[in-house]
Amino acid sequence: MVLRFYNTLSRQKEVFTPLQEGEVRMYHCGPTVYKRPHIGNYRAFLFADLLRRWFEANELKVTQVMNLTDVGHLTDDADAGEDKLQQEAERTKVDPWAIVDQVSQAFFADLNALGVVPAHHYPRATDHIPEMVAMIEILLEKGHAYRVGDNIYFDVHSFPEYGKLSGNRVEDLEAGARLEINQEKRHPADFALWKSDPHHLMKWNTAFGEDGFPGWHIECSAMARKYLGDHFDLHTGGEDNVFPHHECEIAQSESALNGSFVSLWMHTRFLQVDGGKMSKSLGNVYSIDDLIERGFHPFDFRFLVQRGHYRTSLNFTWEALKGAAEARKSLQDLWSRLANEMSKVSGLSAAAALAQAEAAAEVAPFAKEFREGLNDDLNTSKAVAALFGLRTAVLRADFPEPNRTAAAALLYAADLILGLFPAEEDSADGLSDAEIEALVLARTAAKAAKDFAAADDLRNQLTTAGIVVEDTPQGAKWHRG
RNA sequence: GCCGGCAUAGCCAAGUGGUAAGGCAAUGGAUUGCAAAUCCAUCACCCCCAGUUCGAGUCUGGGUGCCGGCUCCA
């Protein structure tokens with residue numbers, strides 16, 4: 001098994017070697033819970049889910065952490081800066097803690113709808129104030145941070161490698177600074193670790209003062225350390241996190257902990273809508289519910305995202321989503337056709353199912369293409385193409401019967417890894433096989449008698465019950481849709 | 001102004017320098033009582049201009065357009 005991933009830090013694909021053999025520890029920058037996440041946010045979270053699933057399919061033990069940022073961050077570093085959560089709270093006259101609760105619930109509901117496997121920890125920033133304070137104290141002691149009144153800043157010049165992730169240089173940042181220079185700071189690129197403001201709605205009484213709140217970046221450093229240790233395998237986020245957020249995390253953590261922090265940094269490219277950035281004014285900032293209202297299943301969106309590569313900007317359009325939905329439906333149809341064989345492989349692990357598929361000559365080429373695609377920096381396009389290759393092969397009349405189970409195994413594994421098909425809904429009006437057979441036979445008889453009205457009526461009954469009837473040269477066949 | 005990325009058919013999207021995966025849609029045919037499904041077939045000179053090379057979507061330079069960061073943002 002050789003997994004290769006593109007590392008933002010080195011700007012190239014690298015062979016992945018876990019720090020601890022057989023284990024992967026990873027951290028994902030999660031949502032700021034001040035307003036409901038949109039589909040663009042979910043592209044990043046679906047990517048995290050895919051990583052998790054593929055690692056587990058490779059029999060690695062995964063520890064996965066995704067933070068919830070529930071304390072607002074400053075819109076700028078000047079003292080007048082407000083934070084989004086505070087703004088939202090003031091705008092809606094709702095207590096910020098209530099907003100956090102409400103948005104968090106919506107977030108988890110969306111994750112569930114998208115079939116995301118829950119991370120092991122979803123730490124909240126406000127639950128980790130002591131950890132952040134402790135880390136800031138280390139930075140002060142080591143001379144990487146300085147205090148001005150009740151504000152504390154990280155001294156960028158104390159970390160010579162600042163800029164290694166983003167490629168930015170401290171000098172350029174200074175030259176391009178569009179902000180009013182905060183006179184408190186020694187250098188414009190210095191960033192806040194802790195701020196104090198009596199008017200802030202969310203504030204804590206700490207050694208740094210009575211009315212303080214954390215800077216934007218420190219929460220991830222502190223929480224990652226707590227749940228994953230000082231040095232862990234990989235950290236992900238959207239491309240916009242590269243700078244300043246992740247750059248600052250690196251500076252803080254490596255300064256505080258004397259050593260490398262994260263081995264592999266992975267970032268997802270933004271989702272575009274209608275060829276450009278989604279924006280409120282264009283009215284194309286969609287939520288998962290918006291997709292559902294238009295008649296799509298959240299898994300259609302999941303499939304759309306996973307048909308493309310995470311490092312390429314994906315253009316979301318309703319037409320593209322429709323295309324993904326149709327494509328997913330045809331794989332779902334394949335699943336139904338393999339229902340009998342599916343029962344023989346269900347319960348297998350993804351690793352075992354994939355191995356079984358690779359062991360069968362007729363299916364192996366597709367299984368290999370699927371695996372190799374994912375091994376190569378999660379090339380899901382290639383992996384999905386393999387599934388369509390499998391579909392074509394299975395649907396050919398001469399597909400060898402013994403290999404149908406292997407084909408089912410591959411599709412089953414693909415579902416465990418990509419999350420293609422929602423869990424079966426309990427069909428309350430489900431017909432038994434015998435009842436279906438009777439209806440199908442009755443329809444065949446009606447057709448033979450040229451009573452097409454009756455035949456169509458029977459077909460409608462079956463369709464309504466979720467049964468697909470196919471007239472083939474070998475007679476009528478049916479399967480559950 | 002300074003960093004970084006992308007540009008492939010109507011749409012979405014892969015692509016180690018050797019003559020363009022896959023899907024959706026569409027079109028023709030087979031099949032059907034009509035459909036649906038399925039099967040067969042058709043459907044791209046890879047943004048523009050130079051250059052390197054025996055050979056470039058794939059490398060280099062210059063344009064144009066879009067995206068990200070430098071400011072909260074996946």
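Remember, predicted model here, so these are calculated numbers, not experimental data. Below, chain A is the first sequence line, B the second, and so on; all start at residue 1.
- As a whole-Å value, the separation of A:Asp451 CG from B:C34 P is 16 Å.
- Residue contacts for A:Gly389: at a heavy-atom cut-off of 4.0 Å it reaches no nucleic acid atom on any strand shown.
- Residue A:Arg443 contributes atom CZ, which lies 10 Å from atom P of B:G33 at whole-angstrom precision.
- Counting any heavy atom pair closer than 4.0 Å across all strands shown, A:Pro37 reaches no nucleic acid atom.
- With respect to the salt-bridge test (charged N to carboxylate O, under 4.0 angstrom), the residues A:Asp456 and A:Lys447 do not qualify.
- The nearest whole Å value for the distance from the CG atom in A:Asp377 to the C1' atom in B:A14 is 13 Å.
- Counting non-hydrogen atoms under 4.0 angstrom, A:Thr236 reaches nothing in the nucleic acid.
- Judged by Watson-Crick or G-U wobble contacts below 3.5 Å, the nucleotide B:A50 has B:U60 as its partner.
- Relative orientation of the A:Phe421 and A:Trp335 rings is tilted, given thresholds of 30° and 60° on the angle between their planes.
- For B:A41, the paired base is B:U27 (Watson-Crick or G-U wobble, both distances below 3.5 Å).
- Between the side chain of A:Thr312 and the main chain of A:Gly308, no donor-acceptor pair closer than 3.5 Å is present.
- The shortest distance between the side-chain N/O atoms of A:Lys322 and the OP1/OP2 oxygens of B:A25 is not below 4.0 Å.
- If you measure from atom OH of A:Tyr162 to atom P of B:C2, you get 20 Å, rounded to the nearest angstrom.
- Side-chain atoms of A:Asp456 and base atoms of B:A35 include no donor and acceptor less than 3.5 Å apart.
- Using a 4.0 Å heavy-atom distance criterion, A:Arg307 is classed as a base contact.
- The nearest pair of heavy atoms linking A:Val24 to A:Asp233 is CA-OD2, 3.5 Å.
- For A:Asn168, taking side-chain heavy atoms from C-beta onward, the closest of the listed nucleotides B:C3, B:A14, B:A74 is B:C3.
- Between B:C48 and B:A41, the two C1' atoms lie 35 Å apart (nearest whole Å).
- Of the candidates B:A13, B:C73, B:G23, B:C73 carries the atom nearest the A:Asp240 side chain, counting heavy atoms from C-beta on.
- Among the protein residues, A:His245 comes within range of no part of the nucleic acid, since none of its heavy atoms lies under 4.0 Å from any strand.
- Side-chain proximity of A:Trp216 to B:A35, B:A74, B:C72: nearest is B:C72.
- Rounded to whole Å, the distance from CG on A:Asn375 to P on B:U16 is 16 Å.
- Across the P atoms, B:C45 and B:U8 are found 14 Å apart, a figure rounded to whole Å.
- Residue-to-nucleotide proximity on RNA chain B shows that, of A:Ala455 and A:Met278, the 5′-proximal contact is made by A:Ala455.
- A:Lys477 comes within contact range of no nucleotide atom at all, as no heavy-atom separation falls under 4.0 Å.
- Among the nucleotides B:G33, B:A74, B:C12, the one closest to the side chain of A:Phe45 is B:A74.
- Rounded to whole Å, the C1' atom of B:C59 lies 13 Å from the corresponding atom of B:U16.
- Base pairing of B:G68 is made with B:C3, judged by Watson-Crick or G-U wobble geometry with both donor-acceptor distances under 3.5 Å.
- Considering only side-chain atoms of A:Asn379, the nucleotide from B:A21, B:C34, B:A14 that sits closest is B:A14.
- Within 4.0 Å of A:Glu470, counting heavy atoms only, lies at least one base atom of the nucleic acid.
- As rounded to the nearest Å, B:G62 and B:C6 have P atoms that lie 16 Å from one another.
- Taking atom C1' in both B:G5 and B:C39, one finds a spacing of 43 Å when rounded to whole Å.
- Considering only side-chain N and O atoms, A:Arg311 lies nowhere under 4.0 angstrom from the phosphate OP1 or OP2 of B:C6.
- Out of B:C34, B:C12, B:A14, the shortest distance to the side chain of A:Ala320 is found at B:C12.
- The gap from the P atom of B:U60 to that of B:G22 amounts to 28 Å, rounded to the nearest Å.
- Within 4.0 Å of A:Gly40, counting heavy atoms only, lies at least one base atom of the nucleic acid.
- As judged by a 4.0 angstrom heavy-atom cut-off over every strand, A:Arg328 is placed among residues making no nucleic acid contact.
- Side-chain proximity of A:Thr32 to the nucleotides B:A36, B:G22, B:C73 is greatest for B:C73.
- With hydrogens and angles disregarded, a donor-acceptor distance shorter than 3.5 Å links the side chain of A:Ser166 to the backbone of A:Asn168.
- Taking 4.0 angstrom as the limit, A:Arg396 places a side-chain polar atom (N or O) nearer than this to OP1 or OP2 of B:C40.
- The side chain of A:Ser381 sits closest to B:A21 out of B:U38, B:A37, B:A21.
- Using the six-membered ring where Trp is involved, A:His245 and A:Trp216 have ring planes that are parallel, under 30° apart on the 30 and 60° scheme.
- Relative orientation of the A:His217 and A:Phe191 rings is perpendicular, given thresholds of 30° and 60° on the angle between their planes.
- In this structure, A:Phe270 counts as stacked on the base of B:A74 under the 5.5 Å centre distance and 30° plane angle limits.
- Map A:Lys450 and A:Ser313 each onto its nearest nucleotide of RNA chain B; the residue landing nearer the 5' end is A:Ser313.
- A tilted orientation is assigned to the rings of A:Phe388 and A:Phe303, their planes being inclined by 30° to 60°.
- Counting non-hydrogen atoms under 4.0 angstrom, A:Leu387 reaches nothing in the nucleic acid.
- Rounded to an integer number of Å, the gap from CG of A:Leu321 to P of B:A13 is 13 Å.
- Look at B:C34: it lacks any Watson-Crick or wobble partner with both distances under 3.5 angstrom.
- Out of B:A74, B:C40, B:U38, the shortest distance to the side chain of A:Asn241 is found at B:A74.
- The aromatic ring of A:Phe243 is not stacked on the base of B:G69, since the criterion of ring centres less than 5.5 Å apart with planes inclined by under 30° is not met.
- Both tests pass for A:Arg311 against the ring of A:Tyr6: distance under 6.0 Å to the centre and angle within 45° of the axis.
- In this structure, CD of A:Glu319 is placed 12 Å from P of B:A13, rounded to the nearest angstrom.
- With C1' as the reference atom, B:A21 and B:A13 are 10 Å apart, rounded to whole Å.
- Side-chain atoms of A:Arg269 lie closest to B:G5 of the nucleotides B:G5, B:C67, B:A13.
- For the pair A:Ile250 CD1 and B:G69 P, the interatomic distance rounds to 18 Å; values are reported in whole Å.
- When the side-chain nitrogen and oxygen atoms of A:Ser330 are compared with OP1 and OP2 of B:G23, none of them lie within a distance under 4.0 Å.
- If you take atom C1' in B:U58 and the same atom in B:G15, they sit 8 Å apart, rounded to whole Å.
- In this structure, NZ in A:Lys195 is found 6.0 Å from CD in A:Glu184, a value given to the nearest 0.5 Å.
- A:Arg459 contributes no side-chain N or O that forms a donor-acceptor pair with the base of B:A36 under 3.5 Å.
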